[in-house]
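Below is one structure, written out as C-alpha cells; comments come after it.
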Amino acid sequence: MEIKDQEKSYDPAVAESKWYAYWEGLSLLRAEPARPGDSYCIVIPPPNVTGSLHMGHALNVTLQDVLIRYHRMLGKNALWLPGTDHAGIATQNVVERLLANEGVDRQSLGREKFEERVWKWKEESGGVILNQLKRLGAACDWSRERFTMDEGLSRAVREAFVLLHRKGLIYRGRYIINWCPRCLTALSDLEVAHVETKGGLYYIRYPELSGRRNVVVATTRPETMLGDTAVAVHPKDERYAGSIGVTLRLPILNRPIPLLTDEMVDPMFGTGAVKITPAHDPNDFEVGKRHDLPAVRVIDDAGKMTGEAGPFAGMDRFACREAVLDSLRKEGFLVKEEQFLHNVGHCYRCKTVVEPTESIQWFVKTKPLAEPAIRAVQSGETRIIPPNWERTYFDWMENIRDWCISRQIWWGHRIPAYHCLACGLTMVEVDAAERCSSCGSDNLRQEEDVLDTWFSSALWPFSTLGWPDRTEDLSRYYPTSVLVTGFDILFFWVARMMMMGIEFTGRAPFRDVVIHALVRDPKGEKMSKTRGNVIDPLDLMERFGTDAFRFTLLALAAQGRDIRISDERLEGYRNFMNKIFQAGRFVRMHADDNTSKALPSELSAADRWILSRLQRVIEEIRKGIEEYRFNEASSAFYQFTWHEFCDWYLEMIKPSLQPDAPVETRERQRAVLLYVFEAILRLSHPFLPFLTEEIWHSLPGKRGSILTEVYPEADPDRTDVDVEKDMGHLMEIIRAVRNIRSELHVPPAKRVEIRLKGQPEDLAFLSDHEEIILRLARAGKVVHREPEYIPVEDATAVVNGIEVCLPLADLIDFRKEASRLRKEIEKANAELSVVCAKLGNEKFLANAPGDIVEAHRIRKGDLELKLDSLSRNLALVTRYLS
RNA sequence: GGGCGGAUAGCUCAGUUGGUAGAGCAUCGCCCUUACAAGGCGAGGGUCACAGGUUCAAGUCCUGUUCCGCCUACCA
C-alpha cells in the first residue's frame, strides 16, 4: 500500500477505496468489553431503513466518528453501536407505493403477506444507508449492528410495554386523538405539524328553539357543525346571561342542542359563543365530558362524512365544508365570513390535514416518567450541550401530555395485548397468551394495533446493549457517554429515551446530549425535496473527497448555529487536504527508515518553536473536541498545519535538510520533521481518517493502522515562551522586509542587504539566525547597525524597537516610499492616541489591572519609538525628493 | 400567545471569564523559489443592526427598538 510519488496531487478516491476495508478486515472497529480502559460508548441515532444519506446524517455521523476515533486513540474502550430504525409509517408508505405500482393495495394483500413484503424490502434495500456511512468513514462496530424490529429489540419492546402496563403507566381508552385519514392511523401530538394557513372564519346563526332569539357562533370548520351537540359561552358573559339553558336548533339538521356555560370559552374571541363538537375537537371533547354530552362522529376514518351527516353523508370532508356553507347561505344562517389566519395540523409523514377524532387507543401516562427525566438534567447527571436547549427540554417535559402509542398500521411492533373474545378481558403479556386468565377460553385475539415507532426508539440506548438481559455489554457500556443528535428530534426521541432509560435502568442513558445544527443550502434555506435544493453528500464526497467534506462540516459546526454548505468552502478544504498530502511528500523525501523516531536532545530555535506551538495546538484541539467545539478544534489544526508548520517551519528548516548540511544536523532535522508531522497526522486522524491513514502508511518504518495510535498529549516542558517570542520577532522582521519589497516592487531576484539597527541585546537572537532571514526574506546579507546609524537612502520599517533598513537607493521610488511611510505613521499615530488617552485617564490607572496598564505602557513606548524612527526616515526620504 | 436564535470585511461566518476586531472565499499587486499554481509572498477592506445604560474599558454585560429565522401552543 504505497503512494506513487509521481502523483502530483492528492486523489481521495484511491485512499477511500482501500482503508475502510482494511479497518474492518483487521477488526479494528470491534469493541471488546473485556479489554481495559474506561468505556466510551455512543449509540448511533438509527437512520430509517428507508433512508439514504443526507446532510443531516453526514454531519451527525462525522461528529460521532470524531468522538469515537479520538477516544479510542486516548485508550478508552470505545464502542460505537450502529443500526437502523424500522420507521413504521414511513416504511409502510414506501412499500405501499411500490405495491401501488404493481396495482396492488395492502388490504387486498392481507396483513401477513404485506408484512412479509416489507421484510423482503428491508432485506434488499434497507442496508443502503449503512454502506453510505462506511463511505463517510464511520468507525462503527458492525458486529453489533441492530434493527429496531430484530428479535432482541422486539422482546425489549414487549417487556417494556408489559412493565409499564403493570405499573399503570400504559392504559387503553376512548379519547380524542389526531387521526390521519390517509395513513389511516392515530398520531401522537408530536407527529402533527402545524402549518399556518389562510382560511375563513364563519359566523353561523343558531336560532333558539322558541324562535325568539339567535346565538351566533364562529367557526373555521363549518362541516363539523353537523356533529354539534351543544353551544357554550363563558359563565360570566353577560350577553348570554338570559339565554343560559335554552335549547337551540342546529341549522340544517334541526337537532335540538343546549346552550351551556364553560370556563374554557374565551368571551373576547368571535361572538363569545362556541359550537361544541365533542367527536372532532380536542377542546370540545373535554367540554363534552364535563357536561356529559353525546359525541356524534360525522367524519369517518377516511375523511368522508358519515351517515350522521344527513344529506352530506359520503361526501369528502372538504367538499362538505363548501356544501354546508352553501346550504347555510341559502337558508340565511351564515351571517358573516372573515379571512382568518390559523394553524392547521398536518400529518408529519404525508402532509394530509389531520382530523381530530374520538377513538379507542393506547396511551403512556407520561407525567410520572417525566419527573425523573427532568431531575436528571437538573442534577447534571445528563448535560445538554449547548445548554440553551435545557429550557426547551424542561418546558416540554413540564407540560408533557399523555402519549398516544397505538397505530393502526401493519408495520411495527404489534401491541402485546390479547383480547378474550369470550369474556372481553384484555391481557398484556410478553409472550403470546394461550388462555384467558379469567374465563379460560382459548378464543383469544391479539391486539391489531402496532406501537408508535418512537416507542422502540425510546429503548434504543439499552435495548441495543441487550436489555432486558443483564449482558456484559449493558454493564460495560451503559449509560452511554454521549448522544449526538439534531434538535428536530429532541422531543420525539431524546426526551423519551431519557424517560424510558431512567424507568427501566434507573440511570439516565447519556452523560452528554450534544445537539447540533441543521445543514442548509448555500442560500441558507432548509433543504427539502419539494424545494429541490437538496445537496447530496455522496456527490460532494465524490467531487471533493470524503475528508475534505468531513472537515468542512467540522469547520462549520459552531454551536447553536446552522450550517451553510457551499462548493467554495469545500474547495478550500480540498486544497487543505492536498496541502497535507504535499507536506507528506516533503517529509518522505527526507525521512527514511534510518530516521530516528525519538526527538534529538539538541534542537534548533526553529525546532523548539514548532514543538512549542505543537503543544499549544494539541491542547486547543483536545479542548475543542472535549467541549464539542469542533469548529475550534478544526480551525486550530488548520491554522497550525498550514500557516505555521508548512508556511514557516518547513521553509525555515529546508537548508538543514540539504545534502550540503552536516550529517548530524541533517539527521536531527529529519527526526524533528518526522516527529512533528506524525503528530499532525495523529492529531487529525479523527477528522481525516482516510487521508491520514494513507499518508501514515507511506511514511518510513513499518506501520500499523493510525487508528490504533496514541493521541498526542501536550507536554508542558516543550512549551517555550521565550523561543516563541524570539521567533515571533524574527518572523515579523521577515514580514517587514517582504512588505517593503512588495510595496516598492523590488525585483524578486534582487538579493537585498538588510541593515538591522537597534540595541545589541535585541539583535542577538537575530544574528544567531541570520540564515533564516537571508533565505525567507531573499536577502544577500544581514548587517547590524548601531543605534546611531542614519539610513539615508534606505527603505525602512520598525519592528519591536528594531529598525529594518533596506539600502535601495538605486531601486527606490522615493515617492512611493514616502507614501508608504506616511501610511505607517498614520496607523501608528492612530493607535498611539488611543493608548495615550487611556494612560492619561486616572480612572484607568486606578481601576484597570496592573498587567493591562503595563501592557499599555509598553505599547506606548514601542509606538513612540516606531513613530520616531518612521518620521525621521520620512524626513530623510522627502529631503531626498526635493 | 410563549420560547429560542441571528443581525460583525463584498460573500459565508468565528470571536466562552469585558482589555489593542479574526478566518475562509472573493478582490488587487508580484512570483512556475527543486513538497504543493488545489501553490507562495504582499495588500486593500469593518462607526461589530439601531437607541440608551453599567464600566477606567463593551462586538462581548443590562434595557428597549427594528428586521430575519426556527420551535412550541386546545382561542373556536
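The basis for the numbers below is simple: all heavy atoms, side chains too, and nothing from hydrogens, waters or symmetry mates. Protein chains get the first letters and strands the later ones, always in sequence-line order, with residue 1 at the start of each.
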Under 4.0 angstrom, heavy atoms only, what part of the nucleic acid is Tyr573(A) near: base, sugar-phosphate, or nothing?
-> nothing
Between U12(B) and Arg569(A), is there an OP1 or OP2 to side-chain N/O distance shorter than 4.0 Å?
-> no
Less than 4.0 Å between a side-chain N and a carboxylate O, is that true for Glu358(A) and Lys289(A)?
-> no
For C61(B), give its Watson-Crick or G-U wobble partner with both distances under 3.5 Å, or none.
-> G53(B)
Mind checking Leu845(A) for me? I need base, sugar-phosphate or nothing, with any heavy atom below 4.0 Å counting as a touch.
-> nothing
Answer for the Watson-Crick or wobble partner of C4(B), both distances under 3.5 Å, is G69(B)
Report yes if a donor N or O on one partner sits less than 3.5 Å from an acceptor N or O on the other, where the partners are the side chain of Ser742(A) and the base of A43(B); otherwise report no.
-> no
Of all the choices, C31(B), C25(B), G3(B), which nucleotide is nearest to the side chain of Pro748(A) once you look at every atom?
-> C31(B)
Select base, sugar-phosphate, or nothing to describe what Glu831(A) touches, counting heavy atoms under 4.0 Å on all strands.
-> base
How long is the line joining OH of Tyr240(A) and P of A76(B), in whole Å?
-> 17 Å
Using only side-chain N and O atoms of Asn847(A), determine if any of them is under 4.0 Å from OP1 or OP2 of C56(B).
-> yes
For Arg778(A), answer base if it contacts any base atom (sugar-phosphate contacts may also be present), sugar-phosphate if it contacts only those atoms, and nothing otherwise; contact means non-hydrogen atoms under 4.0 Å.
-> base
Taking the side chain of Asp647(A) as heavy atoms from C-beta outward, which of C41(B), A35(B), G3(B) is closest to it?
-> C41(B)
Indicate, with a heavy-atom threshold strictly under 4.0 Å, whether Asn343(A) touches base, sugar-phosphate, or nothing.
-> base
Verify the contact: side-chain N or O of Lys579(A) to OP1 or OP2 of A38(B), cut-off strictly under 4.0 Å; return yes or no.
-> no
Determine the contact category for Tyr638(A): base if any of its heavy atoms lies under 4.0 Å from a base atom, sugar-phosphate if only primed atoms, P, OP1 or OP2 are that close, otherwise nothing.
-> sugar-phosphate
Nearest-angstrom distance from the residue atom CG of Asn388(A) to P of U16(B) | 14 Å
C74(B) phosphate, OP1 or OP2: any side-chain N/O from Arg401(A) under 4.0 angstrom?
-> yes
Between C75(B) (P) and Phe340(A) (CZ): distance, integer Å | 10 Å
Can you tell me how far C1' in G15(B) sits from the matching atom in A9(B), rounded to whole Å?
-> 14 Å
Is it true that Glu571(A) and Arg574(A) have a side-chain N and a carboxylate O under 4.0 angstrom from each other?
-> no
P gap between C41(B) and C36(B), integer Å = 15 Å
Check every strand shown and say whether His643(A) touches a base, only sugar-phosphate, or nothing at a heavy-atom separation below 4.0 Å.
-> sugar-phosphate
Could you go step by step and tell me if Gln669(A) and Arg666(A) meet the side-chain hydrogen bond (donor to acceptor under 3.5 Å, both in side chains) rule?
-> CA-CA 5 Å; Gln669(A) 196 59 75; Arg666(A) 210 164 64 212; over 6 Å; no
CD of Glu398(A) versus C1' of A73(B): gap in Å, rounded?
-> 15 Å
So, is His745(A) close to the A43(B) phosphate, meaning a side-chain N or O under 4.0 Å from OP1 or OP2?
-> no
Under 4.0 angstrom, heavy atoms only, what part of the nucleic acid is Thr392(A) near: base, sugar-phosphate, or nothing?
-> nothing
Across all chains, not counting sequence neighbours, the side chain to side chain contact (heavy atoms under 4.5 Å, CB included) partners of Glu864(A) are Leu832(A), Lys860(A)
Give the rounded distance in Å between these two atoms: CD1 of Ile515(A) and C1' of C71(B).
-> 13 Å
May I ask you to say what Glu651(A) touches in the nucleic acid, namely base, sugar-phosphate or nothing, with a heavy-atom cut-off under 4.0 Å?
-> base
What is the distance from CD1 of Ile176(A) to P of A76(B), rounded to the nearest Å?
-> 15 Å
For Asn841(A), which contact category applies under a 4.0 Å heavy-atom criterion: base, sugar-phosphate, or nothing?
-> sugar-phosphate
Nearest-Å distance, NZ (Lys275(A)) to C1' (C74(B))?
-> 14 Å
Electrostatic pair Glu831(A):Lys866(A) at N-O distance under 4.0 angstrom | no
Does Lys654(A) put a side-chain nitrogen or oxygen below 4.0 Å from OP1 or OP2 of A35(B)?
-> yes
Phosphate oxygens OP1/OP2 of G40(B): is one of them under 4.0 Å from a side-chain N or O of Trp642(A)?
-> yes
P atom, U27(B) versus G69(B): distance in rounded Å?
-> 31 Å
Give a yes/no answer on whether the side chain of Arg564(A) brings an N or O atom under 4.0 Å of OP1 or OP2 in C13(B).
-> yes
The residue, Phe645(A) or Asn739(A), whose nearest nucleotide of RNA chain B is more 5′ is Phe645(A)
Compile the donor-acceptor pairs under 3.5 Å between side chains in residues 274-281 of chain A and protein atoms, sequence neighbours left out, one pair per line.
{"residue": "Lys275(A)", "atom": "NZ", "partner": "Thr224(A)", "partner atom": "OG1", "Å": "2.6"}
{"residue": "Lys275(A)", "atom": "NZ", "partner": "Asp228(A)", "partner atom": "OD1", "Å": "3.0"}
{"residue": "Lys275(A)", "atom": "NZ", "partner": "Thr277(A)", "partner atom": "OG1", "Å": "3.0"}
{"residue": "Thr277(A)", "atom": "OG1", "partner": "Asp228(A)", "partner atom": "OD1", "Å": "2.6"}
{"residue": "His280(A)", "atom": "ND1", "partner": "Pro356(A)", "partner atom": "O", "Å": "3.2"}
{"residue": "His280(A)", "atom": "NE2", "partner": "Val298(A)", "partner atom": "N", "Å": "3.0"}
{"residue": "His280(A)", "atom": "NE2", "partner": "Ile299(A)", "partner atom": "N", "Å": "3.2"}
{"residue": "Asp281(A)", "atom": "OD1", "partner": "Asn283(A)", "partner atom": "N", "Å": "2.8"}
{"residue": "Asp281(A)", "atom": "OD1", "partner": "Asp284(A)", "partner atom": "N", "Å": "3.0"}

Centroid-to-centroid, Phe844(A) to His856(A), below 6.0 Å?
-> yes
Whole-Å C1' distance, A51(B) and C30(B) | 47 Å
For the pair made of OH in Tyr348(A) and P in C71(B), what is the distance, rounded to whole Å?
-> 15 Å
Ring geometry between Phe581(A) and Tyr10(A) (parallel below 30°, tilted from 30 to 60°, perpendicular above 60°) | tilted
Starting at the 5' end of RNA chain B and moving along, which residue's nearest nucleotide shows up first, Asn575(A) or Val192(A)?
-> Asn575(A)
Phosphate oxygens OP1/OP2 of U20(B): is one of them under 4.0 Å from a side-chain N or O of Arg859(A)?
-> no
Look through every strand shown and name the nucleotide pairing with C75(B) as Watson-Crick or G-U wobble, where both distances are under 3.5 Å.
-> none
Who does C41(B) pair with, Watson-Crick or G-U, both distances under 3.5 Å?
-> G29(B)
